[in-house]
Amino acid sequence: MRRAILTAVLLSALLLTSCEVHFGDRKYEVEWYVVAIPTVLIVVLSAVIAGTVLSKNTYVCSKCSHRFHPKWWQAAFSFHLNSDRVFKCPNCGHKGFCRKED
Ligand SMILES: [Zn+2]
């Protein structure tokens, strides 16, 4: 699923040849990378910041009750339901929803 989304995004980016940017009443014709590069930087920076903040939380394994802090990239890209996130437990290897400890 992630690979399909990434492929669709990359193909869409490659199909763009130019962009029309409206700034107030003025219209500018700019190259696609003038819009794409800052967008990618903002998305990556947001993922790093969110992952860093989320990795400071303590999560509890549902199988062995091991308490751990995930890596920033695991926290940023994990599936979640409310504050519970899917991680692979570093202690027992169980992959499933881990409760966020308050
Ligand atoms: Zn565990």
Side-chain angles (χ1 to χ4, degrees):
M1 184 66 182
R2 286 184 183 176
R3 185 173 291 172
I5 292 171
L6 184 64
T7 304
V9 169
L10 289 176
L11 284 176
S12 301
L14 291 174
L15 291 174
L16 291 173
T17 55
S18 67
C19 298
E20 193 172 274
V21 176
H22 297 266
F23 191 74
D25 292 339
R26 296 184 181 175
K27 265 195 311 192
Y28 300 98
E29 189 76 22
V30 296
E31 296 296 322
W32 66 270
Y33 54 81
V34 173
V35 175
I37 290 173
T39 303
V40 169
L41 287 176
I42 289 169
V43 168
V44 169
L45 190 64
S46 301
V48 170
I49 291 170
T52 303
V53 170
L54 288 169
S55 68
K56 292 183 177 163
N57 295 329
T58 303
Y59 291 90
V60 181
C61 174
S62 58
K63 190 175 180 185
C64 69
S65 300
H66 178 67
R67 299 168 67 225
F68 64 97
H69 295 277
K71 305 255 189 277
W72 73 265
W73 52 270
Q74 291 173 321
F77 299 110
S78 63
F79 290 106
H80 63 96
L81 187 61
N82 296 325
S83 60
D84 296 349
R85 293 186 167 268
V86 174
F87 293 119
K88 185 176 179 183
C89 176
N91 187 41
C92 69
H94 172 72
K95 187 173 182 181
F97 276 98
C98 297
R99 183 176 47 84
K100 178 185 157 195
E101 195 172 70
D102 295 323

Working to the nearest 0.5 angstrom, can you tell me the gap between Cys64 SG and His94 NE2? 9.0 Å
May I ask you to test the Cys92-Cys61 pair for a side-chain heavy-atom distance under 4.5 Å? yes
Starting from the C-alpha separation in whole Å, work towards a yes-or-no answer on side chain to side chain contact (heavy atoms under 4.5 Å, CB included) for Val60 and His66. CA-CA 6 Å; Val60 181; His66 178 67; over 6 Å; no
For residues 37-48, run the donor-acceptor check on the side chains, cut-off 3.5 Å, and write out each pair with its distance to 0.1 Å, sequence neighbours left out.
{"unit_1": "Thr39", "atom_1": "OG1", "unit_2": "Val35", "atom_2": "O", "d": "2.7"}
{"unit_1": "Ser46", "atom_1": "OG", "unit_2": "Ile42", "atom_2": "O", "d": "2.7"}

Do Val21 and Val34 land in one hydrophobic cluster if side-chain heavy atoms of ILVMFWY residues count as linked below 4.5 Å? yes
Hydrophobic cluster mates of Phe79, side-chain heavy atoms under 4.5 angstrom, ILVMFWY only, any path? Leu81, Val86, Phe97
Who clusters with Phe68? Use side-chain heavy atoms, under 4.5 angstrom, across I, L, V, M, F, W and Y, and order the result by chain and number. Leu54, Tyr59, Phe87
Kindly write out the residues that satisfy side-chain hydrogen bond (donor to acceptor under 3.5 Å, both in side chains) with Arg67, not counting sequence neighbours, or none if the list is empty. Glu101
If you look only at pairs with a residue in residues 86-100, which of them pass as a salt bridge (Lys or Arg N to Asp or Glu O under 4.0 Å), with sequence neighbours excluded? none
The complete set of salt bridge (Lys or Arg N to Asp or Glu O under 4.0 Å) pairs with one or both residues in residues 37-57, sequence neighbours excluded, reads none
